[in-house]
Amino acid sequence: QVQLVESGGGLVQAGGSLRLSCAASGLTFSSYAMVWFRQAPGKEREFVSAITWSGLNTYSADSVKGRFTISRDNAKNTVYLQMNSLKPEDTAVYYCAARRSVSWSVSEYNYWGQGTQVTVSS
């Protein structure tokens with residue numbers, strides 16, 4: 001079965017950096033777009049960044065543009081989210097998800113990881 005396993009979360013001070021990883025198995029990774037979502041306490045899950053199957057196209061929410069970079073290594077079946085200049089409002093559980101094509105809608109994704117907590121202190 002499809003498994004997505006996130007790692008790399010933690011506690012960091014404002015202005016710091018973290019790199020999240022999401023390792024995929026049980027699917028032809030290079031055929032799937034990969035997306036990062038996040039969910040803060042009491043808020044809905046929201047789109048963060050996406051990358052197409054080839055890696056040629058990436059998309060990011062306005063709130064993270066210029067600070068977060070999504071990338072992938074199809075040889076390692078892994079997608080990454082490099083997060084720089086972190087802010088307290090970036091605090092959330094970060095989830096990776098897979099779909100044949102990019103969608104901004106949470107409801108259109110069937111494959112999800114368990115999430116990794118990112119906490120940014122001020």
Side-chain angles (χ1 to χ4, degrees):
Q1 72 277 22
V2 176
Q3 280 195 314
L4 302 176
V5 180
E6 300 98 335
S7 61
L11 173 64
V12 64
Q13 288 188 332
S17 298
L18 284 174
R19 188 174 85 151
L20 305 183
S21 300
C22 172
S25 61
L27 74 170
T28 305
F29 183 75
S30 58
S31 297
Y32 282 77
M34 298 299 296
V35 181
W36 288 96
F37 289 89
R38 67 185 181 187
Q39 188 166 18
K43 295 189 176 181
E44 293 187 350
R45 196 167 297 189
E46 66 175 4
F47 169 81
V48 177
S49 292
I51 188 166
T52 55
W53 63 269
S54 65
L56 291 178
N57 297 99
T58 61
Y59 310 88
S60 292
D62 288 343
S63 59
V64 306
K65 277 181 183 176
R67 301 188 299 120
F68 291 11
T69 302
I70 189 171
S71 61
R72 67 189 297 158
D73 185 338
N74 286 346
K76 294 183 178 180
N77 287 4
T78 301
V79 62
Y80 305 97
L81 186 67
Q82 178 67 44
M83 306 186 295
N84 298 329
S85 301
L86 282 160
K87 304 175 181 180
E89 50 264 44
D90 294 318
T91 294
V93 177
Y94 283 71
Y95 298 89
C96 67
R99 191 175 182 268
R100 290 284 188 174
S101 58
V102 174
S103 170
W104 322 128
S105 174
V106 170
S107 63
E108 295 194 3
Y109 286 83
N110 291 323
Y111 302 131
W112 291 89
Q114 82 288 350
T116 186
Q117 176 70 48
V118 171
T119 304
V120 184
S121 63
S122 56

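Along the sequence shown, residues carry numbers from 1. Computed from a predicted model, the values in this text were never measured in an experiment. Keep in mind that the numbers below use all heavy atoms, side chains included, and drop hydrogens, waters and symmetry copies.
- Summarising the geometry of Val2 relative to Gly26, their closest heavy-atom pair is CG2-O, 3.5 Å, with the distance given to 0.1 Å.
- Here the side chains of Cys22 and Tyr94 are not in contact, with every heavy-atom distance at 4.5 Å or above.
- Inter-residue side-chain proximity for Phe68 and Gln82 is flagged as unmet; no heavy-atom pair is nearer than 4.5 Å.
- Here the side chain of Gln114 pairs a donor or acceptor atom with the backbone of Glu6 at under 3.5 angstrom.
- Taking both residues in full, the closest heavy atoms of Ser17 and Asn84 are given as OG-OD1, 2.9 Å, listed atom of the first, atom of the second, then distance.
- To the nearest 0.5 Å, atoms CZ (Arg100) and OH (Tyr32) are separated by 4.0 Å.
- Nearest heavy-atom pair, Val102 versus Ala33, reported as atom, atom and distance to 0.1 Å: CG2-CB, 3.6 Å.
- Panel note: side chain Arg72, backbone Phe29; a donor-acceptor pair is recorded below 3.5 Å.
- Put simply, the side chain of Leu20 reaches to within 4.5 Å of the side chain of Met83, judged on heavy atoms.
- Within the 4.5 Å cutoff, the side chain of Arg19 has heavy atoms near those of the Tyr80 side chain.
- The shortest non-hydrogen separation linking Pro88 to Ser122 is CG-CB, 3.8 Å.
- Linking Ile, Leu, Val, Met, Phe, Trp and Tyr whenever their side-chain heavy atoms come within less than 4.5 Å puts Val12 and Val64 in one cluster.
- Partner of Phe47 under the ring pair (Phe, Tyr, Trp, His ring centres under 6.0 Å) criterion, out of Trp104, Tyr59, Tyr109: Trp104 alone.
- Summarising the geometry, atom OG1 belonging to Thr52 is positioned 12.0 Å from atom CE belonging to Met34; distances are rounded to the nearest 0.5 Å.
- The shortest non-hydrogen separation linking Leu18 to Leu86 is N-CD1, 3.9 Å.
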Would you please test Lys65 and Asp62 for salt bridge (Lys or Arg N to Asp or Glu O under 4.0 Å) and show each step? CA-CA 5 Å; Lys65 277 181 183 176; Asp62 288 343; 3.2 Å; yes

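- Side chains of Thr91 and Gln117 form a contact here, defined as non-hydrogen atoms less than 4.5 Å apart.
- Taking OG1 of Thr116 as the start and CG of Leu81 as the end, the distance is 11.0 Å to the nearest 0.5 Å.
- Under the 3.5 Å distance criterion, the side-chain polar atoms of Arg45 are left unmatched by any main-chain donor or acceptor of Val93.
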Show, in sequence, the C-alpha distance, side-chain angles and deciding distance for Val35 and Glu108, and conclude whether the side-chain contact (heavy atoms from CB on, under 4.5 Å) test is met. CA-CA 12 Å; Val35 181; Glu108 295 194 3; over 6 Å; no

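- Side chains of Ser49 and Ser60: a donor on one and an acceptor on the other come within 3.5 Å.
- Taken together through direct or relayed side-chain contacts under 4.5 Å among Ile, Leu, Val, Met, Phe, Trp and Tyr, Val118 and Trp112 form parts of separate hydrophobic clusters.
- With hydrogens and angles left out, the side-chain atoms of Ser103 and Ser105 include no donor and acceptor closer than 3.5 Å.
- When Ile51, Asn74, Leu4 are each tested for a side-chain contact (heavy atoms from CB on, under 4.5 Å) with Val79, only one passes: Ile51.
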Verdict with reasoning, Phe37 to Glu46, per side-chain contact (heavy atoms from CB on, under 4.5 Å): CA-CA 5 Å; Phe37 289 89; Glu46 66 175 4; 5.8 Å; no

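- In this structure, Asp90 and Arg38 approach most closely via the heavy-atom pair OD1-NH1, 2.9 Å.
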